[in-house]
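For clarity, every value in this text was computed on a predicted model and none was experimentally measured.
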Amino acid sequence: MEHVNPGALAQSASAGIGEDIYDLAARLYPICRSITGDGVRQTLDMLSDHIDLKRHEVPSGTQVLDWVVPAEWTVRAAIITGPDGQKVVDFADSNLHVVNYSQPFTGALPLGELKAHIHTLPDQPDLIPYRTSYYAPAWGFCMAHAQAAALPDGLYHVEIDAELKDGSLTYGEYLHRGQSEREFLLSAHICHPSLANDNCSGLALLALLAKSLRARKTRYSYRFLFAPGTIGAITWLSRNEDRLHLIDHGLVVSCVGDAGRPTYKRSRRADAFIDRAMAHVLGTEPGARLLDFSPYGYDERQYCSPGFDLPVGMFQRSVHGEFPEYHTSADNLDFIAPEHLEDSFRILTGVIDIVEEDWTPLNLFPKGEPQLGRRGLYAALGGQKASGATSMALLWVLNLADGRHSLLAMAERSGLPFSELAAAARLLVEHGLLAAAS
């Protein structure tokens with residue numbers, strides 16, 4: 001039986017993986033993305049510098065489950081000019097300044113009428129909010145509340161050079177083929193504009209995680225999906241219903257670059273393998289949180305809808321909607337850091353190691369404890385450094401190797417790290433004490 005070394009994925013990554021992820025996130029950050037349009041395509045172009053993405057274009061008007069692919073949105077300019085002829089707001093300064101999917105508009109308005117179309121954050125007066133109008137036609141701007149409150153009365157000229165017309169919804173996929181057709185789905189939403197944590201961090205991390213897998217021989221196949229939130233996941237599900245039965249594990253990844261404590265939201269099933277693997281990995285993370293499933297959040301709620309009920313959880317650091325920078329201009333490149341991106345990368349590679357390395361062993365000498373000393377097993381531990389195993393791990397594996405406990409189940413029962421048990425199992429196989437359960 002061939003097994004991957006626990007920790008091999010993390011070890012194979014360069015020491016500067018956090019910097020690499022940050023650099024890619026920084027390149028993605030300026031792009032004006034939405035649920036459709038060239039911003040998504042430009043983003044996929046950048047990700048394609050690292051992995052061989054397959055791009056899909058789904059025409060506007062296509063029925064996808066209970067939804068319809070919307071018209072494609074293009075915005076070229078959005079400007080408010082004050083009574084003195086000076087620009088008050090300019091989309092060129094921040095792509096958060098225009099309501100995402102805003103209808104086109106040109107006209108002159110008194111301040112009172114204009115304010116009905118301006119979104120601010122009174123409790124965070126210096127920040128620009130992020131707002132959308134995907135499915136409720138409207139036009140509008142976003143700006144700092146302090147600036148809006150200081151606007152003088154008068155006539156303002158408004159121009160939103162945008163259009164909504166038939167086009168397509170775009171998403172990208174990368175498949176790392178393993179020895180099996182069984183799949184691990186990793187998904188990140190690609191629709192947010194200049195928000196660094198939500199979700200430039202997730203896009204960059206998954207792209208470089210996929211890149212790190214290219215040189216590895218894996219048991220599972222790994223499918224990386226970069227799609228617009230909600231409508232993108234629904235579109236992908238509607239186009240892949242005939243092969244969803246191949247998905248054994250899944251994660252939605254977002255908000256993985258900030259200093260918040262790692263957080264995992266369980267799948268709808270609550271006890272899927274991915275739920276157990278994430279719980280085990282996060283069990284050693286100070287302050288890590290495990291949340292129960294709820295039907296509110298990101299695209300895990302689409303994958304976990306009752307008609308699919310896929311084993312897909314969500315990994316993040318600070319929980320979306322619970323950190324003050326969420327959906328504001330404060331979610332910028334200063335809010336994320338290489339060390340947090342590297343930590344998130346390490347957590348995900350740890351989960352992949354469990355998925356790859358888990359198996360169910362059988363003790364070939366189950367009556368009494370085998371004499372480990374005469375087989376040289378204690379010497380093989382090499383001071384518990386070279387092998388990665390420990391004497392307690394050997395004993396736990398031998399005791400629980402009854403054909404009913406996988407290595408992950410042993411880790412849950414013993415409280416020992418999965419990596420130690422996997423290393424111990426390899427030693428026991430090498431010394432003829434262990435085999436795979438039939």
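Taking the ring centre of Phe335 as origin, the terminal cationic atom of Arg317 falls outside the region bounded by 6.0 Å and 45° from the ring axis. Annotation: cation-pi geometry satisfied between Lys265 and Phe293 (NZ/CZ under 6.0 angstrom from ring centroid, within 45° of ring axis).
The two residues Ser221 and Glu181 make their nearest non-hydrogen contact at OG-CA, 4.3 Å. Across all their heavy atoms, Ala26 and Leu333 have their closest contact at CA-CD2, 3.8 Å. Residues Asn197 and Ile336 come closest through the heavy atom pair OD1-CG2, 3.6 Å. A pairwise comparison of heavy atoms in Ser318 and Cys255 identifies O-CB, 3.8 Å as the closest pair.
Aromatic ring orientation, His327 versus Tyr130: perpendicular (interplanar angle above 60°, classes split at 30° and 60°). Aromatic ring pairs are classed by plane angle as parallel below 30°, tilted from 30° to 60° and perpendicular above 60°; the pair Tyr222 and Tyr220 is perpendicular. Ring geometry, Trp236 versus Tyr303: the interplanar angle exceeds 60°, so the pair is classed perpendicular (tilted spans 30 to 60°).
In summary, Arg266 and Asp275 do not engage in a salt bridge, as defined by a charged side-chain N under 4.0 Å from a carboxylate O. Ion pairing between Glu183 and Arg177 fails under the 4.0 Å rule for side-chain N and carboxylate O. For Asp343 and Arg261, the salt-bridge test fails: no basic side-chain N is under 4.0 Å from an acidic carboxylate O. Note on Arg276 versus Glu412: salt bridge recorded, some NZ/NE/NH1/NH2 to OD/OE distance being below 4.0 Å. A salt bridge does not link Arg268 with Glu300: none of the charged nitrogens is closer than 4.0 Å to a carboxylate oxygen. Electrostatic pairing of Arg269 and Asp271 does not count as a salt bridge here, judged by no charged N lying under 4.0 Å from a carboxylate O. The pair Glu369-Arg375 does not count as a salt bridge, with every side-chain nitrogen at least 4.0 angstrom from each carboxylate oxygen. A salt bridge links Arg346 and Glu285; the closest N-O separation between the charged side-chain nitrogens and carboxylate oxygens is under 4.0 Å. Between Lys217 and Glu356, no side-chain nitrogen of the basic residue sits less than 4.0 Å from a carboxylate oxygen of the acidic one, so the salt-bridge criterion is not met. A salt bridge links Arg27 to Asp49: at least one charged side-chain nitrogen sits closer than 4.0 Å to a carboxylate oxygen.
Contacts of His320 classified as ring-ring contact (aromatic ring centres under 6.0 Å, His included), with partners at least two apart in sequence or in another chain: Tyr296, Tyr298. Every residue was checked against the salt bridge (Lys or Arg N to Asp or Glu O under 4.0 Å) condition with Arg33, not counting sequence neighbours, and none meets it. Scored by the side chain to side chain contact (heavy atoms under 4.5 Å, CB included) test, His119 finds Val99, Pro129, Arg131, Cys142 as partners (sequence neighbours excluded).
Taking the six-membered ring wherever Trp is involved, the centroid distance between the rings of His97 and Phe91 does not fall below 6.0 Å.
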Could you go through Asp258 and Phe323, starting from their C-alpha distance and side-chain angles, then the distance that decides it, and tell me whether this counts as side chain to side chain contact (heavy atoms under 4.5 Å, CB included)?
CA-CA 10 Å; Asp258 68 292; Phe323 54 95; 5.5 Å; no

